[in-house]
Amino acid sequence: IGVDEKSLISILTNSNEEHKRSLRKGSSKLFIEDENGFERWDQSSIKILKHQFNRFRDAVVLSLLHPWERDARLIEKAIRKGPKHYNVIVEVACTRSSDQLLGARKAYHSLFHHSIEEHLTHIKGRERKLLVALVSAYRYEGTGVNEDVAKSESQILYEAINNGDKNKLLDHEDAIMILATRSKQHLQALYRHYSQSYDKNLAQDLEGEGILKDTVECLCTPQTYFTRVLEAAVKEDADEESKRALTRVIVTQKEQLVKEGFVPNKIQDILLGLYKDFMLASIASGDIK
Amino acid sequence: WGTDEKAIIAVLGRRNAAQRRQIRHAYEEIYQEDLIKRLESELSGHFEVTNGTIIAKAVYRWILDPPDRDAVLANVELKKSGNKDHVIVEISCTKNPEELLAIRRAYHARYKRSLEEEVAYHTKGDTRRLLVALVSAFRYYGEEINTTLAKSEAKKLHEAIKDKKFGNEDVIRILSTRSIAQLQATFNCYREQEGTSITKNLPKDSSDEYIAMLRMAVRCLKDPKKYFEKVLRRSIEGIGTDEDALTRVIVTRAEKDLKEIKELYHKRNNVPLDKAVDKETSGDYKDMLLTLLGN
């Protein structure tokens, strides 16, 4: 992931035409044999190159933007790109503080002349209700949880998941209300009660439920969510979107990553060049205020 | 309370929010107690509607900062059993986005919960979906209008009303997410398309709480001043006076657009609001209201 700029410079500037030809012949991913007798650039691989070269740029931009604008742009892009990206909306709505989310909503007004909720209404899928509710939240952030209510609400969720039609979960009004309006402390208490009462893990019970699982993880156990995203990014067969998540998570969560003791070893071996330096430095500086 | 009520009214009635805060501060320094807590204790335990309670309530409402006051009004409404005044609809539909936000913050500070979770907890069904959506709204503040969209959403509203599907997703979505400017355009398109205003097509004295709330939401969003004029008119006319509503409108709009609402009232009823209040109320409560009206 990324580009080893130094090596590229030394190889290319020191290569004569003959050497470059053998380079091209050796890169079957980038070049194909043209019938007219030359090694032709494979158009589709331009994209791959673009992605790799742009990683550093994206990291810079993401890092420099005001967090409100950054989050507003992340959300807008996710809405535009479709269902596979909705987890980004959940991520932003659920892992930022109430005031940070509010700031993102304000920035969204300035940038796109609409509220996030308005743009979300153009989503056709069943995720819409949940997403609108999540971005509209202005959760209480103080302490003080009513354990009885948390317990009874964990029961509501349990029944919704295990007794009802799992496919209809996204339409389950009570479940959505609980997830979208309760404070994070309350939801974490709910999470505990769920485990205690039913000997099951709420997030695991939502396995396969896409953004519902993401929602619960982001609200109750964000470090689990982020670890999962980072591991998916550095996997052997990771796709482009998973890799992009690396930049996003490291840049937006660096303080958390330091706190969680995220060890950069995993990414050290996989990243290249300036992009690698940027990412490692981000993590290292994560506890600088 | 006794003889100091007139002084309280004279002192507080003509002060703006910043000045009232200074007064509270000064009171605390001199008397070593929180003026608001003192007023709260005057209120609790009083269930007979004596003039003292009404005036205390009015003063209490007046002395709080506007966002705090609305948070209190919302909380009182939620905890009320029986006949609701749909104050929460009124609050969420007549305030601008920043004001609504301030109310949500004030609610956090005062009640250690978010407004939306309390609303979600105390309501259900269509009512819940509408109310949570309305209090959670953070509308775009711009004046831009998309006419094509307004036309199509006016149609959607018409379809829903025609089929009596008042609680359908489109209705709630349009009313709770669109900017005020866009909503006004939509209401205008509705009128052009259907020949009557949308409020006329919503059943008036419905026993269905949800429909009553929906109608109120539409009226508030469409023309807040007209809405408040009507609340005032209703609170005064007929048998007895609805002091709660009267106090609420005068106190909450005193620093906003009470002047225009007064003008509207005069036009509509051929008598100035001051005169009507003078006639229908008495004692220190009357003094309080008249002072606020004179502001």
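All values derive from a computational prediction rather than experimental measurement. Both backbone and side-chain heavy atoms feed into the values below; hydrogens, waters and symmetry mates do not. In what follows, chains carry the letters A, B, and so on, assigned in the order in which the sequence lines appear, proteins first and then strands, with residues in each chain numbered from 1.
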Angle between ring planes, B/Phe138 versus A/His109, binned at 30° and 60°: parallel, tilted or perpendicular?
parallel
Working to the nearest 0.5 Å, report the span between CD of A/Glu118 and CG of B/Asn146.
10.0 Å
Is it the backbone or the side chain of A/Val135 that comes under 4.5 Å from a heavy atom of chain B, or both, or neither?
neither
Side-chain heavy-atom pair A/Ser115, B/Tyr141 within 4.5 angstrom cut-off
no
Heaviest contributor of heavy-atom pairs below 4.5 Å to chain A, chosen from B/Glu169, B/Arg104, B/Glu144, B/Gln182, is B/Arg104
Would the number of heavy atoms belonging to other residues, nucleotides or ligands and lying under 6.0 Å from CZ of B/Arg191 be above 12?
no
Would you call the rings of B/His108 and A/Tyr140 parallel, tilted or perpendicular if under 30° counts as parallel and over 60° as perpendicular?
perpendicular
Heavy-atom contact with chain B under 4.5 Å, split by part of A/Ser110:
both
Check whether more than 12 heavy atoms from other residues, nucleotides or ligands sit under 6.0 Å from atom NE2 of A/His66, and answer yes or no.
yes
Taking every heavy-atom pair that is under 4.5 Å apart, which of A/Arg128, A/Glu141, A/His186, A/Glu173 has the most such pairs with chain B?
A/Glu173
What are the residues of residues 112-126 of chain B, in order of number, with any heavy atom under 4.5 angstrom from a heavy atom of chain A?
B/Lys112, B/Arg113, B/Ser114, B/Glu116, B/Glu117, B/Ala120, B/Tyr121
State, yes or no, whether a side-chain contact exists between B/Glu98 and A/Lys106 at a heavy-atom distance under 4.5 Å.
yes
Report, as yes or no, whether the 6.0 Å neighbourhood of atom NZ on A/Lys81 holds more than 12 heavy atoms from other residues, nucleotides or ligands.
yes
Is it the case that atom NZ in B/Lys155 sees more than 12 heavy atoms from other parts of the structure closer than 6.0 Å?
no
Quick check on A/Asp199: does its CG atom have over 12 non-hydrogen neighbours (other residues, nucleotides or ligands) under 6.0 Å away?
no
Report which part of A/Arg139 has an atom under 4.5 Å of a heavy atom belonging to chain B: side chain, backbone, both, or neither.
backbone
First locate atom CZ of B/Arg129, then atom CD1 of A/Ile176, and finally report the distance between them rounded to the nearest 0.5 Å.
10.5 Å
Beyond-backbone contact of B/Arg105 with A/Asp99, side-chain heavy atoms, under 4.5 angstrom:
yes
For A/Gln196, look at atom CD and say whether over 12 heavy atoms of other residues, nucleotides or ligands are found less than 6.0 Å away.
yes
When rounded to the nearest 0.5 angstrom, what distance separates CZ in B/Arg173 from CD in A/Glu117?
12.0 Å
Top contributor to chain B interface from A/Met177, A/His114, A/Lys129, A/Glu153 [non-hydrogen pairs under 4.5 Å]
A/Met177
